[in-house]
Protein chains: 2
Amino acid sequence: MGTPRQRIGIKEVAAAAGVSVTTVSHALNGKGRLPEETRERVRRIADELGYRPNATARNLVVGKTGLLGLAVSQQGGAPLAVTDFAYFAQLMMAASTEAIANGYALVMAPGDAALNPQAGIAVDGAIIVDPVRDDGLVAQLQQAGIAVVTTGRLPGGDAPSCWVDNDHIAGTTEMLDHLERRGARRIALMTSALDISYSHDVEQAYADWCERRGAEPLLRRAASDLTERAGYAVASELLSLPEPPDAIFSTYDRLAFGTLLAAEARGVRVPDDLLLATTATESQAPDEARPSLTTLDLNPEEIGRSAAGLLVDLLEEQEPAQRHVLVPHRVIARASTGRP
Amino acid sequence: MGTPRQRIGIKEVAAAAGVSVTTVSHALNGKGRLPEETRERVRRIADELGYRPNATARNLVVGKTGLLGLAVSQQGGAPLAVTDFAYFAQLMMAASTEAIANGYALVMAPGDAALNPQAGIAVDGAIIVDPVRDDGLVAQLQQAGIAVVTTGRLPGGDAPSCWVDNDHIAGTTEMLDHLERRGARRIALMTSALDISYSHDVEQAYADWCERRGAEPLLRRAASDLTERAGYAVASELLSLPEPPDAIFSTYDRLAFGTLLAAEARGVRVPDDLLLATTATESQAPDEARPSLTTLDLNPEEIGRSAAGLLVDLLEEQEPAQRHVLVPHRVIARASTGRP
DNA sequence: CCTCGTTGGAAAGACGTTTTTGCAAACTCC
DNA sequence: GGAGTTTGCAAAAACGTCTTTCCAACGAGG
């Protein structure tokens, strides 16, 4: 108020610098043939005036929307992976940060329809989290020529695709080794029935690990809502076996919390009678549980950051440096596997 | 591939309909003077051709960005309200849905800087969740002339503002009444020390309620990380008082879960020895707890939907129908307050 | 001195809409 | 049947940037 506060544009900068708008544009974008001296002067003046290029105008001329979409693959019609809010929120925040740093805006798709090329919002590229087999959205996007990066790999995906993922085979193996070192002789795997690459990788790593040791696999898939209640049910069943496991590796922290409750209800002490480890979706929660939970940290922030970065590369460079990214994991030993 | 797949624009529609682009624009936007018959025909042809207006071009000419920002107010420099992922995610998804329905894209701000009018991404308007007193971002946005809607009211806010909120006074009172009806004689309030309107409203409602009954208030503010651990600590202190409460109302579900643990650890039975109620941030979790928790449901989806809707009104209409929205709450009685 | 290549920079078109203005044709009214 | 008024639509100007094209000045080589 008082100040006219006219948004200053490239024209104003040009006038102030005594050059044409062309020169300003070239100077700021490193294009054209200009002596470094002029470039520098224009940049300085633009800075002084607080010039911020209008993203809409730029997008219009370069033919982009400036938008990246982020969606969680839908199993059936589940209203978002309700159980994984923390993992998902961390991933999203990191992806958003990276997108903004590259001049894009990340928009959350509240459902498959939001990114539908025919009906939804127009985006330059999309990140699909944990695609399920035959994910319709992924197919639609690719068919429409929209760049797609998945976190986790598309099961059965034939087409060449871009993804970022953890090395779940290695992570699972490390955790099983850890449990064995802490004295486990009979390790059960508690996972989900979701048809995503994560499940497949973990189950395969587990099967291979057991086979190498000549051990009998003890695999349970919890109800796909992945609540503590589901973990409680599966753990109760496991613990009442004639030959119950002496260690459980859960691939979702909610399932592990439920397992903790089930153990307590049956008077099974963790870690004395049962070792318990989990994959983390929420960084603090496992540490706050009683006892604190040994965790395989999947580093969702880095997943999100990498996914957005890869997507931007895909959009801006003709040939991205890499089409696949592996994000490092980390085994964090806590009280639930003994010797804290 | 094979099909040229030229993006069809307003020009193609005009050609197909045998009219000018002006007429197409007018027909589609309900502007200008056109007989209904022409309008209808143009709309039909546009539909048949699958015409989708280019949002970027539209935004350019109307001088908008088409972006709405959503940020969680930062207390100090906390990396997002970590504890409230579920509440927050539900709110965000609903806001995103509403934004898209109105032709906007909602972008999550991964920190205050992202929406800074000087340095961040340019948005038409912003939703700030639970603003703390003297929130810098709110001030900056308003000063820059960017429309702001807050969920929860800005403490000490002098300027006229737009917000959507629950009637926490009424909600708290209802819950206290419920506890009293279920036999509580000494009700403690467990809340946070956050300087947001939510805390103030609840504390005031509690103080008033106690005063009306001549009861002594028993108020505790948990550490602001609001974890189960924090709830555990506060509950332990309360239960070890010479005259402990026979009911606790927690304003965050995590605190209530911690309370449940503390009660169990001390052999205090819920609901027999202690009634426990909580405000919900996660719809299923309180139901899944053991015992299931009586809940004050704040309806975060509706908060998010309303906030986005109000923001759009603010941007598109000179004078919005209303500047404040109250979203209904709901008391859900469960096992933790007896008689399920 | 003339030609040619290089350098620095400006002019103008384009991106796909919306909006304003303009202008005939078709009515209405006396 | 002429003067106004309404109706239906088109032409053109924006919006702010990037990009292509073009031109003048300058230097070098013969």
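Proteins get letters first, then strands, A, B, ... in listed order; numbering begins at 1 in each.
Contact annotation: side chain of T22(A) to base of dA11(C), donor-acceptor pair present below 3.5 Å.
Distances shorter than 4.0 Å separate none of the side-chain N or O atoms of Y51(B) from OP1 or OP2 on dG16(C). Side-chain nitrogen and oxygen atoms of T23(B) include none within less than 4.0 Å of the OP1 or OP2 phosphate oxygen of dC9(D). Contact annotation: S25(B) reaches the phosphate of dT18(C) (side-chain N/O to OP1 or OP2, under 4.0 Å). The side chain of K31(A) places no N or O atom within less than 4.0 Å of a non-bridging phosphate oxygen (OP1 or OP2) of dC18(D). The phosphate of dC18(D) has OP1 or OP2 within less than 4.0 Å of a side-chain N or O from N29(A). For dG8(C), the OP1/OP2 oxygens have no side-chain nitrogen or oxygen of T38(A) closer than 4.0 Å.
Ranking dA10(C), dT17(C), dG16(D) by closeness to the P53(B) side chain, first place goes to dT17(C). Between dT19(C), dC9(D), dA10(C), one nucleotide has an atom nearer to the side chain of V62(B) than all others, and that is dT19(C). Comparing atom distances between the R33(B) side chain and each of dC9(D), dT19(D), dT19(C) picks out dC9(D) as nearest. Across dG8(D), dA10(D), dT17(C), the shortest atom-to-atom separation from the side chain of R58(B) is found for dT17(C). Picking from dG16(C), dT17(D), dC9(D) the nucleotide with the shortest atom distance to the side chain of I10(A) gives dT17(D).
Under the 4.0 Å criterion applied to side-chain N and carboxylate O atoms, E12(A) and R7(A) are not assigned as salt-bridge partners. A salt bridge links D165(A) and R153(A); the closest N-O separation between the charged side-chain nitrogens and carboxylate oxygens is under 4.0 Å. Ion pairing between E40(A) and R44(A) fails under the 4.0 Å rule for side-chain N and carboxylate O.
At least one donor-acceptor pair under 3.5 Å links the side chain of S20(B) to the backbone N or O of T23(B).
Computed from coordinates, the K64(A) NZ to dG16(D) P distance equals 22 Å when rounded to whole Å. Spacing between atom CG of L28(A) and atom P of dG16(D) amounts to 17 Å, rounded to whole angstrom units. One interatomic measurement links the two molecules: CZ of R39(A) to C1' of dG9(C), which rounds to 12 Å at whole-angstrom precision. Regarding N54(A), its CG atom lies at a distance of 17 Å from the P atom of dG16(C), rounded to whole Å. Atom NZ in K11(A) sits roughly 6 Å away from atom P in dC15(D) (whole-Å rounding). Taking atom CG on N59(B) and atom C1' on dT17(C), their separation rounds to 10 Å, with Å as the unit. When rounded to the nearest whole Å, the span between CG of L60(A) and P of dT19(D) equals 12 Å.
Counted within 6.0 Å of CD on E37(B), heavy atoms from surrounding residues, nucleotides or ligands total 12 or fewer; the atom is thus considered open.
Residue-level contact check: V19(B) touches the backbone only, with heavy atoms under 4.0 Å from sugar-phosphate atoms and none from bases. Looking at heavy-atom distances under 4.0 Å, G9(B) makes contact with sugar-phosphate atoms alone, never a base.
A residue-by-residue look at G18(B) and V61(B) shows that G18(B) has its nearest nucleotide of DNA chain D further toward the 5' end.
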Item checked: Steps toward side chain to side chain contact (heavy atoms under 4.5 Å, CB included) verdict (N299(B), E301(B)) -> CA-CA 5 Å; N299(B) 204 351; E301(B) 277 109 348; 4.1 Å; yes
